[in-house]
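Residue numbers start from 1 in every chain, and the chains themselves are labelled A, B, ... in the order their sequence lines are given, proteins ahead of strands.
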There are 2 protein chains.
Amino acid sequence: MATRTRRTERREEPLSRERIVEAAIELLDTVGERGLTFRALAERLTTGPGAIYWHVTGKDELLGAATDAVVAGTMPAGPADTTPQEAIRVLALGVFDAIETHPWIGNQLARSPGKSPMLRVFEHLGRQVQALGAPPAFQFTAASALLNYIVGVGGQNAADARAHQARTPDTGRTEFLDNAAAAWADLDPVEYAFTRGVAGQLREHDDRTEFLAGIDLILTGIAHRQPG
Amino acid sequence: MATRTRRTERREEPLSRERIVEAAIELLDTVGERGLTFRALAERLTTGPGAIYWHVTGKDELLGAATDAVVAGTMPAGPADTTPQEAIRVLALGVFDAIETHPWIGNQLARSPGKSPMLRVFEHLGRQVQALGAPPAFQFTAASALLNYIVGVGGQNAADARAHQARTPDTGRTEFLDNAAAAWADLDPVEYAFTRGVAGQLREHDDRTEFLAGIDLILTGIAHRQPG
DNA sequence: ACCTGAACACCGTTCAAGT
DNA sequence: ACCTGAACACCGTTCAAGT
């Protein structure tokens with residue numbers, strides 16, 4: 001009786017793709033991309049490195065699955081009850097925020113083939129572009145532009161986070177921006193005239209607001225596109 | 001006399017940062033990112049791995065320098081003698097084409113910190129945005145949006161090239177697109193309704209044209225932006 | 001000042017052997 | 001069917017020793 005009802009100990013739950021991906025995400029979040037190692041992962045799952053290969057074909061698939069799991073979580077379940085524009089903003093911000101909490105997604109999104117994670121975002125963007133009333137032949141272009149912009153910002157944010165972490169780990173966000181702005185202001189006056197000029201705006205700017213402004217720019221472009 | 005004028009043999013030119021970066025680019029172009037190894041690089045330069053570290057701090061810097069060298073080569077030397085819109089298109093296409101010939105740049109751009117290569121593109125984009133007559137407070141946003149879009153497409157193209165290379169090396173471009181379109185058409189009809197619908201356009205689409213259409217979309221957005 | 005190359009401390013992945 | 005963990009074939013990076 002007793003043996004029949006006892007719970008198996010947490011550490012001895014059978015290995016599964018889900019548990020592996022879950023542990024990989026944890027590792028990525030806590031120790032970064034470099035910390036995700038088959039040996040570290042195996043230790044966390046109290047097993048050997050080889051065992052993981054029974055459930056996952058290799059590191060690339062593991063990274064892809066981890067990214068997909070996180071991105072899937074940010075996608076809305078049902079249809080939006082707002083304007084398409086607002087739905088697109090919410091969608092974009094969802095990805096943006098996911099990258100902020102899991103910076104490693106930023107790289108992974110950019111390098112994942114046209115497969116799962118990107119496709120999810122593309123699909124949801126496309127639906128809203130459709131709801132926007134864009135002509136069919138233009139929907140592909142519009143959804144792609146939005147997706148590429150989002151992925152581009154994501155990659156950049158991830159790179160910034162990495163640089164921030166690697167070079168000035170214990171410095172605050174504002175201090176980090178101050179340093180970057182100071183570096184811009186120090187650039188060659190003729191070769192980097194424009195960049196120097198906007199250095200001040202870099203200091204003041206808010207990543208999130210700036211990201212949304214870019215989204216709105218594209219939305220405006222979609223609304224005013226020249227028929228062709 | 002003879003000894004004085006003889007050329008030193010190519011293989012025995014002294015090591016230099018430039019030669020190292022040049023060899024790294026060659027390696028990246030021919031054997032890909034995975035082929036760039038300090039051992040392979042050392043062999044090509046007929047020296048030991050350790051020697052490289054005298055001129056370069058590590059692999060990250062080397063990749064950054066290689067990317068910067070290529071990107072710098074695509075930037076225009078003087079002011080453009082066309083409309084700002086056209087100059088932006090040329091600029092964007094320059095980066096696009098550079099990524100097509102050197103796919104590894106795609107990743108590298110996305111992961112290079114706000115440093116050199118990105119800054120070059122940002123500067124040139126900014127100047128044209130300025131020439132476009134965008135209000136100062138908006139120039140930063142506009143240039144950033146263009147840059148992020150370009151980098152996003154670049155990363156995606158690089159990922160595609162990698163996937164194409166890894167999975168179907170000896171298949172043509174059109175066949176590759178056909179396969180992707182077929183995969184899209186096979187997606188779940190309710191979960192991926194939009195993506196299935198545009199699968200046909202994926203087959204017909206031209207990356208370059210599509211890329212430019214996205215640029216034009218953002219340019220339209222810049223032209224029609226709501227004052228605020 | 002610059003180069004050499006063995007050595008260190010890791011990796012991802014495989015695979016015979018176990019259960 | 002699934003797990004184990006030693007072993008293989010690599011990496012990037014360091015560093016004493018050379019010139």
Considering all heavy atoms of both residues, which atom of A/Met118 and which atom of A/Leu109 are nearest to each other, and what is their separation?
-> SD-O, 3.5 Å

To the nearest angstrom, the OH-P distance between A/Tyr53 and C/dG12 comes to 7 Å

When the ring planes of B/Phe140 and A/Trp184 are compared, do they come out parallel, tilted or perpendicular, using 30° and 60° as the limits?
-> tilted

Per-residue pairing states of DNA chain D in dot-bracket (Watson-Crick or G-U under 3.5 Å; . unpaired, | other strand) read ||.|||||...|||||.||

Which residues within residues 29-42 of chain B lie with some heavy atom under 4.0 Å of an atom in DNA chain D?
-> B/Leu36, B/Thr37, B/Phe38, B/Arg39

Rounded to whole Å, CD1 of A/Ile52 lies from C1' of D/dG5 at a distance of 12 Å

Please state how far atom CD in B/Glu61 lies from atom C1' in D/dG12, giving the value in whole angstrom units.
-> 15 Å

Gap between atom OG1 of B/Thr195 and atom CG of A/Leu119 - 0.5 Å precision = 5.0 Å

Gap between atoms CG and C1', on A/Leu63 and C/dG12 respectively (whole Å) | 12 Å

Out of C/dC3, C/dT13, D/dC3, which has the shortest distance to the side chain of B/Ala51?
-> C/dC3

Atom pair OG1/CG of B/Thr141 and A/Leu217 - distance to nearest 0.5 Å = 8.0 Å

Is there any side chain to side chain donor-acceptor pair (under 3.5 Å) pair reaching into residues 26-35 of chain A, and which pairs are they, with sequence neighbours excluded?
-> A/Glu26-A/Arg44, A/Asp29-A/His102, A/Asp29-A/Trp104, A/Glu33-A/Asn107

With DNA chain D as reference, determine whether A/Trp54 or A/Pro49 sits nearer its 5' end, using the nearest nucleotide of each.
-> A/Trp54

Nucleotide D/dC11, atom C1' - distance to CG of B/Asp60 in whole Å | 14 Å

B/Val153 versus B/Asp207: any side-chain heavy-atom pair under 4.5 Å?
-> no

Atom CD of B/Glu43 to atom P of D/dC11: distance rounded to whole Å?
-> 11 Å

Starting at CZ of A/Arg17 and ending at P of D/dC2, how long is that distance when rounded to a whole Å?
-> 14 Å

How many Å lie between NZ on B/Lys59 and C1' on D/dC10, as a whole number?
-> 12 Å

How close do A/Val71 and A/Pro117 get, heavy atom to heavy atom, and via which atoms?
-> CG1-O, 3.9 Å

How about A/Asp60: does its CG atom have over 12 heavy atoms from other parts shown lying under 6.0 Å from it?
-> no

Residue that, paired with A/Val95, satisfies side-chain contact (heavy atoms from CB on, under 4.5 Å) out of A/Leu93, A/Asp97, A/Ile99 = A/Ile99

